[in-house]
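Some notes on the structure that comes next.
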Amino acid sequence: MKAELEAFVLHEARMLDERRFAEWLALFAEDGVYWVPTQAGQVSPQEALSLFYEPKPLLAMRVARLERPDMHVQAPPSRTVHHVSAVEVPGELEVRSALVMAEWRGGESRWFAGRVLHRLRREAGGLRIVLKRVDLIDSEAPQRAIAVPL
């Protein structure tokens, strides 16, 4: 089971790096959520602002914008490397990992680091993401626009 779940999160990271955003979106369950809180230990998106709290319909809008050639925050498009490590499977269909993402766009590099929680579900089409939570180590710091998913 651990090998299957680890392969899933590594495959997800590869999709993001290859800008296969529509395929990445398909990894989410219909009730799936992508969440990047602003506070360490934040329990819910209602207790504080979030950098992102996107149910799948909002995530679909993000993907549609990312695929537009005239999206100003992605002209030129970002190039990224998502480095996933320290993968743990603490429970059935739950994966915890460490993430370092390097982004290069328009002559500038940015780095993001944090801990990631994936809650997954088995569906007819395979594993689906019910929750992807990314806790950045500097979540309280001011952030410029983050267009490409972490």
Side-chain angles (χ1 to χ4, degrees), residues 1-67 73-74 77-105 109-150:
M1 167 93 83
K2 180 183 179 193
E4 176 189 21
L5 300 180
E6 184 173 14
F8 180 89
V9 298
L10 294 175
H11 177 69
E12 180 211 10
R14 183 66 174 239
M15 284 182 169
L16 290 171
D17 289 340
E18 293 175 355
R19 299 185 63 84
R20 294 165 36 204
F21 299 122
E23 290 176 63
W24 174 73
L25 179 65
L27 293 178
F28 281 79
E30 289 307 309
D31 60 343
V33 173
Y34 171 62
W35 184 25
V36 183
T38 56
Q39 296 182 0
Q42 188 172 333
V43 176
S44 78
Q46 287 77 32
E47 74 181 72
L49 292 175
S50 298
L51 292 172
F52 300 103
Y53 185 81
E54 297 179 341
K56 190 171 182 179
L58 282 177
L59 210 47
M61 290 172 51
R62 172 187 293 276
V63 166
R65 286 192 308 267
L66 283 169
E67 292 180 341
V73 297
Q74 281 294 282
S78 294
R79 285 189 252 163
T80 63
V81 172
H82 288 71
H83 178 80
V84 178
S85 64
V87 176
E88 300 173 4
V89 180
E92 187 175 343
L93 300 179
E94 185 173 288
V95 183
R96 294 181 183 274
S97 60
L99 170 70
V100 175
M101 184 188 95
E103 176 187 34
W104 185 88
R105 189 181 80 74
S109 293
R110 295 197 304 173
W111 294 84
F112 301 90
R115 299 258 173 218
V116 181
L117 167 65
H118 284 83
R119 288 205 176 117
L120 307 173
R121 175 174 39 214
R122 283 195 196 281
E123 295 184 355
L127 290 171
R128 294 291 176 259
I129 300 168
V130 176
L131 172 68
K132 180 178 181 180
R133 176 182 173 145
V134 181
D135 287 281
L136 294 173
I137 60 172
D138 62 348
S139 60
E140 295 94 346
Q143 303 285 341
R144 289 193 336 259
I146 302 172
V148 178
L150 302 167

Taking the side chain as every heavy atom from C-beta outward, state whether [X] and [Y] have any atom pair closer than 4.5 Å.
X	Y	value
Q143	D138	yes
E18	E23	no
V95	F8	no
E4	L127	yes
P149	L66	yes
R19	Q74	yes
L117	E94	yes

From [atom1] ([X]) to [atom2] ([Y]), nearest 0.5 Å:
X	Y	atom1	atom2	result
E140	Q42	CD	CD	9.5 Å
I129	L93	CD1	CG	12.5 Å
L25	R62	CG	CZ	11.5 Å
R133	Y53	CZ	OH	10.5 Å
H82	E103	NE2	CD	9.0 Å
W35	D135	CH2	CG	7.5 Å

Nearest non-hydrogen partners of [X] and [Y], listed with the distance:
X	Y	value
V33	F28	O-CE2, 3.8 Å
L150	L99	C-CD2, 3.9 Å
A22	E67	N-OE2, 3.5 Å
I146	F52	O-CZ, 3.2 Å
D17	T80	OD1-OG1, 2.8 Å
A29	E123	CB-OE2, 3.5 Å

Please assess F21 against V148 for the test side-chain contact (heavy atoms from CB on, under 4.5 Å), listing each intermediate value before the final yes or no.
-> CA-CA 9 Å; F21 299 122; V148 178; 4.3 Å; yes

E47, CD: over 12 other non-hydrogen atoms inside 6.0 angstrom | yes

Answer yes or no: does atom CZ of R14 have more than 12 heavy-atom neighbours from other residues, nucleotides or ligands under 6.0 Å?
-> no

Donor-acceptor contact present, side-chain S139 to main-chain T38, <3.5 Å | yes

